[in-house]
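Right, one structure below, let's go through it.
Since the model is a prediction, treat every value here as computed from it, not as a measurement. First listed ligand is number 1; within each ligand, the first listed atom is number 1.
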Amino acid sequence: PKGDRGPTGEKGAKGDTGDRGECQQNNLELSPYFLALTFPNGKIVGDKIFMTSGYEGNFDDLKKKCMQAGGQLASPRNNEENAAVQQIVFTHDKSVFLGINDIQTEGKFTYLDGKPIVYSNWQPGEPNNDKGIEDCVQVFSTGKWNDKSCDERLLILCEF
Ligand code: IPD
Ligand code: CA
């Protein structure tokens, strides 16, 4: 219910001495201003914002564009974040590249900083490095992951 919130969704702004961290985070997700700003191209999960601009390109291109914007390619680290990615893929009916690949060492998927992934949601049978050329990771509208050639042109999805 929106009734017990102020116009920015704040709870007890005056004299609020409670746990500011969690309180502010919840307010951000509930704020109608943020809901409006992210619709239909973004999702807020905790302190992370996933956002697409609608641009499509290959992995290097999308990686660069996210970095230039001050973010990085979407790198979901749990089910909740992956569900946000899935929703954006579903809404746009276009799959996206994650900020995850095994370019460095075949079969060892890492984030863009080179650290091994802590979460995955592979489609059964994946990753299969089909034709020996699949080092990047795409997300289907089911939320499942598939390794895919980094040369494919997919929808950009950054996280901030
Ligand atoms: C391939 C298949 C395969 C998957 C590959 C895809 P294609 O598509 O869906 O199961 O592992 O990543 O490239 O080449 O048969 O259209
Ligand atoms: Ca594959």
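At a heavy-atom distance under 4.0 Å, only side-chain atoms of K131, from C-beta outward, approach ligand 1.
One finds the CG atom of L155 at 11.0 Å from the CZ atom of F97 (value rounded to the nearest 0.5 Å).
In terms of protein heavy atoms, atom 5 (C) of ligand 1 is closest to E134 OE2, 3.2 Å. What sits closest to atom 16 (O) of ligand 1 on the protein, heavy atoms only, is K148 NZ, 4.9 Å. Of the protein's non-hydrogen atoms, E126 OE2, 2.6 Å is the one closest to atom 11 (O) of ligand 1. Of the protein's non-hydrogen atoms, D130 OD2, 4.4 Å is the one closest to atom 2 (C) of ligand 1.
Atom CZ of F90 has 12 or fewer heavy atoms from other residues, nucleotides or ligands within 6.0 Å. In E80, the CD atom is not crowded: 12 or fewer heavy atoms of neighbouring residues, nucleotides or ligands sit closer than 6.0 Å.
The protein does not reach atom 9 (O) of ligand 1 closely, with no heavy atom under 4.0 angstrom from it.
In this structure a side-chain-to-backbone donor-acceptor pair under 3.5 Å is present from S31 to Y33.
If you number the atoms of ligand 1 from 1 as listed, the ones under 4.0 Å from a heavy atom of D147 come out as 12 (O).
Nearest heavy atoms, D102 versus G107: OD2-N, 2.7 Å. When every heavy atom of I133 is checked against every heavy atom of N129, the shortest pair comes out as N-OD1, 3.5 Å. The shortest heavy-atom contact between G143 and N82 is O-ND2, 3.0 Å.
Taking 3.0 Å as the limit, the number of protein N, O or S atoms around the Ca ion (ligand 2) is 6.
Separation of the W145 and F109 ring centroids does not fall under the 6.0 Å cut-off.
Ionic pairing of D60 and K64 is not present here: no N-O contact between side-chain nitrogen and carboxylate oxygen is shorter than 4.0 angstrom.
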